[in-house]
Amino acid sequence: MADAAIIWPPGATHEYRWIAAARGARYATPMTVRTRYAPSPTGVPHIGNIRTALFDYLLARKHGGQFILRLEDTDRARYSPEAVDGIQRSLAALGLEPDEGPGIGGPYGPYVQSERQDLYRAAAARLVEQGDAYECWCSSARLDAVRAEQQRLKQPPKYDRRCRDEAGRAESRREAEAEGRGPVVRFRTPLDGQVTLHDAIHGDTTFDVALLDDFVILKSDGFPTYHLAYMVDDEAMRITHVLRGDEWIPSAPRHLLMYRALGIEPPVIAHLPLILGPDGSKLSKRHGATSVFEYLEQGFLPDALFNFLGLLGWSLDDKTEIISREEFIAHFTLERVVKSPAVFNIDKLTWMNGVYIRDMDEALLCELFAARLDADLPPRVPRPVDRGIVRRTVPLIRERVKLLAEVAEYSDFFFAEAVHHNRDELLGKAWAHRAADAGAALARVRASLAEVAAWEHAPIETTMRALADEVGVKAGDLFSLVRVAVTGRRVTPPLFESMEILGRERCLARIEAAARAL
RNA sequence: GGCGCCAUCGUCUAGAGGCCCAGGACGCCGCCCUUUCAAGGCGGAGAUCGCGGGUUCGAAUCCCGCUGGCGCUACCA
């Protein structure tokens with residue numbers, strides 16, 4: 001009898017084997033781990049989704065299995081073609097290359113749900129035939145009314161099961177056909193019993209089936225809902241581990257019932273902790289930047305993002321923060337995924353990005369900086385930006401920059417012919433009340449610098465220090481005056497190295513211009 | 001409202017009965033280095049392990065209750 005109490009799984013041995021596998025324990029039957037990232041192309045990929053993709057990727061790589069991309073485009077109303085591209089580009093940007101997927105191919109394609117409708121219809125038909133699902137002809141207007149009434153009565157909103165039995169369905173169908181409406185297919189949820197979810201991260205949770213309603217598995221447009229589509233595909237694609245956000249836990253009991261009705265052995269299921277915004281609620285657009293692209297544009301490095309995201313809900317041990325891709329793959333286990341949600345801490349990401357910038361291969365960093373400068377420097381600067389200068393300045397500014405977006409402000413003066421001098425900034429605190437002295441000092445600096453034999457930072461520094469003594473000012477005060485004169489800024493890379501790169505001509509010209517600006 | 005998940009410094013986390021009157025990291029505050037800013041070094045503040053009961057010689061770690069936060073509650077995923 002279909003509606004009798006159900007204890008799932010009947011004999012739990014098999015699930016435990018899979019959980020053991022998920023936890024990295026030894027298991028008797030060798031199996032290939034196959035994970036999938038299955039976003040719906042409705043918008044820009046979100047940081048939380050990418051973190052799920054990352055864990056999917058890590059788990060598959062860890063076990064030498066496959067990481068699959070599948071597009072869940074069953075919601076034709078929210079479908080966005082650009083989103084498809086965004087999904088693939090965001091994965092590529094972080095180096096999470098799927099082994100199978102749309103545009104990649106693979107033995108279990110197609111990897112787009114809209115191209116697999118036969119499978120879902122067949123599954124739905126089978127369920128109807130078995131008596132585990134039925135056609136529902138109720139209008140959405142009626143459904144809304146039912147829901148509204150239930151809410152008014154402070155009852156949990158559930159489908160009232162009008163079409164569950166023959167009589168109601170026939171009546172409902174007559175109305176629908178008169179209005180030219182088609183049916184949906186609903187799952188015939190047992191009226192009571194319980195199901196237990198064995199979650200690789202959360203452990204066991206038992207749900208009361210009586211609280212569930214008869215949910216839709218096939219929509220009136222013929223497309224399946226997530227509940228049907230994902231498991232049909234996971235089964236067909238031999239997915240072994242399902243990783244998804246914690247927000248899916250409430251629908252897990254439905255899925256357990258469905259697996260059973262379809263005769264599918266459930267995969268390992270792991271619900272990942274949510275990523276929260278600063279206010280503690282689920283991360284969303286209103287928290288600001290949530291797409292990987294926004295972070296990339298700001299100048300966060302893919303490797304830093306990878307590292308940071310990998311540590312959102314997982315840790316290697318009690319002290320390791322900087323972890324390479326290879327180490328992540330070698331050590332990742334679901335067992336070490338935490339249960340509690342994590343606030344996305346951009347300050348820490350920023351710090352980490354600085355670490356990656358400082359540790360990066362210099363030639364690579366040069367290219368990054370150069371590309372950034374090509375994009376960010378004012379149009380007056382000829383393109384492509386002088387690679388020779390970039391190469392010489394990289395060692396100076398990589399120590400100072402945490403975001404690629406900051407590169408231009410640290411190095412624009414290297415590329416400009418002249419710089420703008422603001423009188424107050426030039427004088428600063430040290431010279432504020434003696435502009436004339438500052439002018440005189442600049443003149444003497446210019447004269448001395450003209451005499452420096454070799455235009456290198458060491459002799460330049462020696463000369464300037466000596467001059468500070470002669471003039472009777474603190475070296476630091478003189479340097480900061482010259483710094484602003486030469487660079488137009490108060491905060492810059494080391495002065496003498498910068499001057500060396502700038503060349504004598506431009507330095508002298510700028511010092512002269514600065515003196516005039518006083 | 002119902003159901004569920006979660007609960008260690010502001011934040012990310014370590015911790016699977018004694019090694020913890022709780023460790024690391026970001027951030028914050030000092031000091032050092034120093035031509036600015038960074039980086040780096042050193043040090044500091046910061047958690048009565050949400051609260052209350054148990055169990056135990058002993059609990060952040062086990063059990064129960066409570067509270068709080070969050071999530072779900074669609075022909076969206």
Side-chain angles (χ1 to χ4, degrees), chain A residues 38-42 49 72-75 77-78 136 138-140 143-144 147 150-151 153-159 182-186 197 199 202 205 207-208 211-213 215-227 229-230 244-253 271 273-274 276 278 280-282 308 311-322 336 338-352 354-355 358 396-402 406 410 428 461 464-465 468 474-480 482-484 487 489-496:
Chain A
S40 73
T42 54
N49 298 136
E72 308 220 325
D73 59 343
T74 54
D75 183 346
R78 295 198 306 153
C136 167
C138 292
S139 71
S140 45
L143 260 21
D144 290 346
R147 207 170 4 247
Q150 287 165 335
Q151 265 158 8
L153 296 172
K154 299 237 189 289
Q155 291 171 348
K158 286 165 60 176
Y159 173 56
V184 300
V185 176
R186 285 182 187 272
L197 167 68
D199 186 292
H202 293 272
T205 304
F207 299 85
D208 198 341
L211 266 15
L212 270 28
D213 70 351
F215 52 96
V216 173
I217 58 175
L218 202 67
K219 300 182 265 188
S220 56
D221 63 3
F223 279 85
T225 59
Y226 170 83
H227 309 300
Y230 99 82
R244 53 166 47 153
D246 271 352
E247 73 268 26
W248 286 105
I249 292 177
S251 38
H271 289 99
L274 295 177
L276 274 23
S281 68
K282 194 172 150 187
F308 181 75
L311 250 21
L312 228 43
W314 182 87
S315 64
L316 175 60
D317 55 28
D318 59 343
K319 49 200 56 164
T320 313
E321 305 285 346
I322 304 300
R336 287 195 64 82
V338 298
K339 299 176 186 176
S340 50
V343 173
F344 188 86
N345 183 189
I346 195 149
D347 281 343
K348 185 159 183 175
L349 205 210
T350 305
W351 160 79
M352 191 172 276
V355 173
R358 276 174 256 130
L396 265 33
I397 61 183
R398 70 182 306 171
E399 297 294 321
R400 300 173 158 70
V401 152
K402 290 195 175 110
E406 299 165 354
Y410 268 104
E461 176 169 1
M464 299 239 315
R465 281 192 189 283
K474 282 194 279 185
D477 289 347
L478 183 66
F479 296 170
S480 64
V482 175
R483 179 187 311 282
V484 181
T487 68
R489 293 178 176 276
R490 292 206 74 85
V491 174
T492 72
L495 180 59
F496 311 116

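Labels below follow one simple rule: chain letters A, B, ... track the order of the sequence lines, proteins then strands, and each chain is numbered from 1. Below, all heavy atoms of this structure are taken into account, side chains as well, without hydrogens, waters or symmetry copies.
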- line: If pairing means Watson-Crick or G-U wobble with both distances under 3.5 Å, then the partner of G1(B) is U73(B)
field: Chi angles and distances behind the salt bridge (charged side-chain N to carboxylate O under 4.0 Å, His left out) call for E406(A), R400(A)
entry: CA-CA 9 Å; E406(A) 299 165 354; R400(A) 300 173 158 70; over 6 Å; no
query: Across the strands shown, which category fits P278(A) at heavy-atom distances under 4.0 angstrom: base, sugar-phosphate, nothing?
result: nothing
task: For H227(A) and V216(A), indicate whether the former's side chain and the latter's backbone hold a donor-acceptor pair under 3.5 Å.
output: no
task: Report which part of the nucleic acid S480(A) touches: base, sugar-phosphate, or nothing (heavy-atom distance under 4.0 Å, all strands).
output: nothing
message: Are the side chains of L197(A) and H271(A) in contact, using a 4.5 Å heavy-atom criterion?
response: yes
- prompt: Taking OP1 and OP2 of C72(B), is either one under 4.0 Å from a side-chain nitrogen or oxygen of K282(A)?
  reply: yes
- prompt: OP1 or OP2 of A39(B) less than 4.0 angstrom from a side-chain nitrogen or oxygen of R398(A), does that happen here?
  reply: no
- prompt: Strictly under 6.0 Å, is that where the ring centroids of Y226(A) and W248(A) end up?
  reply: yes
- request: Could you please name the partner base of U61(B), counting Watson-Crick and G-U wobble pairs only when both distances are under 3.5 Å?
  value: none
message: Need the pair for U56(B). Rule: Watson-Crick or G-U wobble, both distances under 3.5 Å, any strand; none if unpaired.
response: none
field: Watson-Crick or G-U wobble mate for A7(B), both contacts under 3.5 Å
entry: U67(B)
message: Taking any heavy-atom pair under 4.0 Å as a contact, classify P224(A): base, sugar-phosphate, or nothing.
response: sugar-phosphate
message: Measuring to OP1 and OP2 of C75(B), would you say a side-chain N or O of R186(A) lies under 4.0 angstrom away?
response: yes
field: Residue pair K319(A) / D317(A), side-chain heavy-atom distance below 4.5 Å
entry: yes
- line: Quick note, R78(A) side chain, CB onward, closest among U35(B), A38(B), C76(B) is C76(B)
field: L218(A) side chain near R186(A) side chain, heavy-atom distance below 4.5 Å
entry: no
- request: Specify the separation, in whole Å, of atom CE of M352(A) and atom P of G27(B).
  value: 11 Å
message: Is it the case that the side chain of K219(A) and the backbone of T74(A) share a donor-acceptor pair, with hydrogens and angles ignored and the cut-off at 3.5 Å?
response: yes
message: I'd like the P distance from G40(B) over to C49(B), given in whole Å.
response: 33 Å
task: Decide whether a cation-pi geometry holds between R483(A) and F496(A); the criteria are a distance under 6.0 Å from NZ or CZ to the six-membered ring centre and an angle within 45° of the ring axis.
output: no
message: At 4.0 Å (heavy atoms only), tell me whether K158(A) reaches a base, stays on the sugar-phosphate, or touches nothing.
response: nothing
- prompt: With a non-hydrogen cut-off below 4.0 angstrom, is V184(A) in contact with a base, only sugar-phosphate, or nothing?
  reply: base
- request: With heavy atoms under 4.0 Å as the rule, sort R147(A) into base, sugar-phosphate or nothing.
  value: sugar-phosphate
- request: Measure from CG on L274(A) to P on A77(B) and round the result to the nearest Å.
  value: 19 Å
field: Pair assignment for G17(B), Watson-Crick or G-U wobble, requiring both distances under 3.5 Å
entry: none
query: Which nucleotide sits closest to the side chain of V491(A): A77(B), C26(B), C37(B)?
result: C37(B)
- prompt: Taking only N and O in the side chain of K219(A), is any of them less than 4.0 Å away from OP1 or OP2 of C76(B)?
  reply: yes
message: So if I define the base as every atom that isn't primed, P, OP1 or OP2, how would nucleotides 1-15 of chain B read as a B/S/- string at a heavy-atom cutoff under 4.0 Å?
response: B-SSSSS---BBSSS
task: Look at all strands and tell whether T74(A) reaches a base, only sugar-phosphate, or nothing, counting heavy atoms closer than 4.0 Å.
output: sugar-phosphate
- request: Write down the partner of C33(B) under the Watson-Crick or G-U wobble criteria, each distance required to be under 3.5 Å.
  value: none
message: Using atom C1' in both nucleotides, what's the gap between G4(B) and U61(B) to the nearest angstrom?
response: 24 Å
query: Do any side-chain nitrogens or oxygens of R358(A) fall under 4.0 Å of OP1 or OP2 in G40(B)?
result: yes
- prompt: Of all the nucleotides listed (A38(B), U35(B), A77(B)), which has the minimum atom distance to the side chain of E399(A)?
  reply: A38(B)
message: For the aromatic rings, using the six-membered ring if either is Trp, is the centroid distance between F308(A) and F344(A) under 6.0 Å?
response: yes
- request: Rounded to whole angstrom, note down the P distance from C6(B) over to U13(B).
  value: 14 Å
task: Using the P atom on both, measure U8(B) against C62(B) and round to a whole Å.
output: 14 Å
message: Taking pairing as Watson-Crick or G-U wobble with both contacts under 3.5 Å, can you name the mate of U48(B), or confirm there isn't one?
response: none
field: First encountered from the 5' end of RNA chain B, between R483(A) and C138(A)
entry: R483(A)
